[in-house]
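Computed from a predicted model, the values in this text were never measured in an experiment. Computation of the quantities below employed the complete heavy-atom set of this structure, encompassing side-chain atoms and omitting hydrogens, waters and symmetry-equivalent molecules. Each chain gets a letter, A, B and so on, in the order the sequences are listed, and its residues count up from 1.
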Amino acid sequence: MDANGNIVISFENAYKTLSGRNVLDGMTFDVRRGETFVIIGPSGMGKSVTLKHMVGLMRPDDGEVIISDEGEGGRVRYDVSHLKPIQLERLRAIFGYLFQDGALLASLTVGENVALPLFERRLHVFREKYGRRNAENKIWERVREKLGMVDMVHAIDNLPAELSGGMRKRAGLARAIIHEPKIILYDEPTSGLDPVMGTNINRLIRHLQEKLGVTSLVVTHDIDSAYYVGDRIAMINRGRMEQIGTPDEIKNTTNPVVRQFIEGNIEGPLTAGRKH
Amino acid sequence: MAAESMASRIFVAPIRDRILSPIGSYVGRSVHSAGYTMLMTCEAIIKIPTLLNWRNFCEFLRQCYLAGIQSLPVVFLVGLFVGMILSLQSGLTLMQFGLERFIAEITGAALTREMGPLMTAIILTGRVGSSMAAELGTMSVSEEIDALRIMSINPVRFLVLPRILATVIMMVVLTVFAILIGIFGGALIGQAQIGVSYDMFFKGAFDVITYKDLYSGLTKAAVFGLLISMISCSEGLRTTGGAEGVGRGTRRAVVNCLLYIIMFNYIMDSFIFLFVYGR
Ligand SMILES: Nc1ncnc2c1ncn2[C@@H]1O[C@H](COP(=O)(O)OP(=O)(O)O)[C@@H](O)[C@H]1O
Ligand SMILES: [Mg+2]
């Protein structure tokens, strides 16, 4: 299926029922290496749930979620439904995950939050590379560098409770990229940010993709941001993909559901079919 | 056929839907919850060696401070008053028989075997158990626990282990403190209202407390500490459903802590009675 080695994430007919609702209902799509794949769709439609399936925070009830990684030892294929703890750990190391509200630990400062994955999981790597003495300094150097990318160095000693929602999200982004992951999952990266900062984050997403070749998955309902960062855009509706296409294809779509969503119409098939 | 379905509608269906099914799902939930809590606690115990790491040990010390040192004022006040009450009440009864010089023995024994561990456990349920359940619950609903999992940081090792260990140790320390304060409070009343001098009271109280009393009391304290922290952490980690869910989880944690403390108190008392005192 992914014999050409181009597909890194693949959902194959995935089903997931949560609190009695079919949140994923035959979800099928592929994400290609190095692209920015944007998922748009109304709230509560399972966008975050889709992301959580990729990192094994949730497992499909039925169907397959496959992640392929091109490592030093060749190609590794992770089937999210059947992972041993050690494989799960390796799988998660491939990913950076920006949570919807940043998900910073409240008891740690911004700097400690961003440094946490390195101190907890990679201290030995830094020690081997830079020696025992320098390892900590190198970690803090890296923390400053990543905080600089999201314009948050000034807040390094603040506690999350002292920050605005947008600042927490940016700090969360710095933490997501601290270990230089190959795939980055962004859960609503621009919601709650002012327009200028939103543009900054959009640029950063593109920058990471172009300069470092990371594969990105962006969940958003900011349609302008989707056009700006996306190589391909997919609209989720009732647990499956309504349409997948390039930004131009989405802009000129004839699919009434997608049309309604991107134009923000109140009347249409999207709202007519909603059971609430 | 028709009669059967009528009977089923009137008698069987309500019993099934209103009585059997809720009981079944309650039992199911409780079993699941107890199983989760036990597994979580075992995992925490397996991870105890990770405390040799300096960063993890610091978190443990921080939890000791939060659970233990910050609870001192409340334990002091409650201990003092419980000691005074015990002394006063036993004094009242003993005076009728002219045996009021024994209030020290009764106060000391009651505090060590029963009231010390129990009142400390109830205080820590309110102060520590509820705040653990709320803190971990908030972390669950704001995806912080998920974030830890993504970073391959085991939440049980990172959050639960230091809390359980700190609560167990601080329960024991605070219980000793509560017993001492209680005896002091009892002595105050003895001197002021019953007519037993400080000297007599302290001598009587400390003479009556045996090693058996002390270690059975402190074993109870440690078990209560384990119950409080494991129930509260487990509720916290399983919280879903926003702020409302955090409230629900915290309430369940406190209620379950109190229930299990009282039940285990009785169970352990009967074992101690049988095996330690050989009665
Ligand atoms: N852990 C969970 N337990 C139960 N239901 C959940 C859970 N996570 C999400 N859901 C439900 O799944 C649906 C989709 O949620 P989500 O993916 O967060 O939506 P969104 O598209 O806004 O990100 C919602 O109805 C939500 O209530
Ligand atoms: Mg979401």
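Heavy-atom pairs under 4.5 Å with chain B peak, among A:Val55, A:Asp101, A:Leu104, at A:Leu104.
Interface remark: B:Asn56 contributes side-chain atoms only to the contact with chain A (heavy atom separation under 4.5 Å). For A:Ser107, the part lying near chain B is the side chain, with the backbone staying farther off; criterion is any non-hydrogen pair under 4.5 Å. Looking at A:Leu105, both its backbone and its side chain come within 4.5 Å of chain B, counting heavy atoms on both sides.
Of all residues spanning residues 173-190 of chain A, those with a heavy atom less than 4.5 Å away from chain B's heavy atoms are A:Arg175, arranged by number. The stretch residues 130-167 of chain B places B:Met139, B:Ser142, B:Glu143, B:Glu144, B:Asp146, B:Ala147, B:Leu148, B:Arg149, B:Ile150, B:Met151, B:Ser152, B:Ile153, B:Arg157, B:Phe158 near chain A, each with some heavy atom under 4.5 Å from a heavy atom of that chain.
With sequence neighbours excluded, the residues that form a side-chain hydrogen bond (donor to acceptor under 3.5 Å, both in side chains) with A:Arg121 are A:Glu89.
Under a cut-off of 6.0 angstrom, the local environment of CZ in A:Phe126 is crowded, with over 12 non-hydrogen atoms contributed by other residues, nucleotides or ligands. Other residues, nucleotides and ligands contribute only 12 or fewer heavy atoms inside 6.0 Å of the CE atom of B:Met38.
Residue pairs meeting the side chain to side chain donor-acceptor pair (under 3.5 Å) criterion with at least one partner in residues 63-78 of chain B, sequence neighbours excluded, are B:Glu59-B:Gln63, B:Ser71-B:Arg127.
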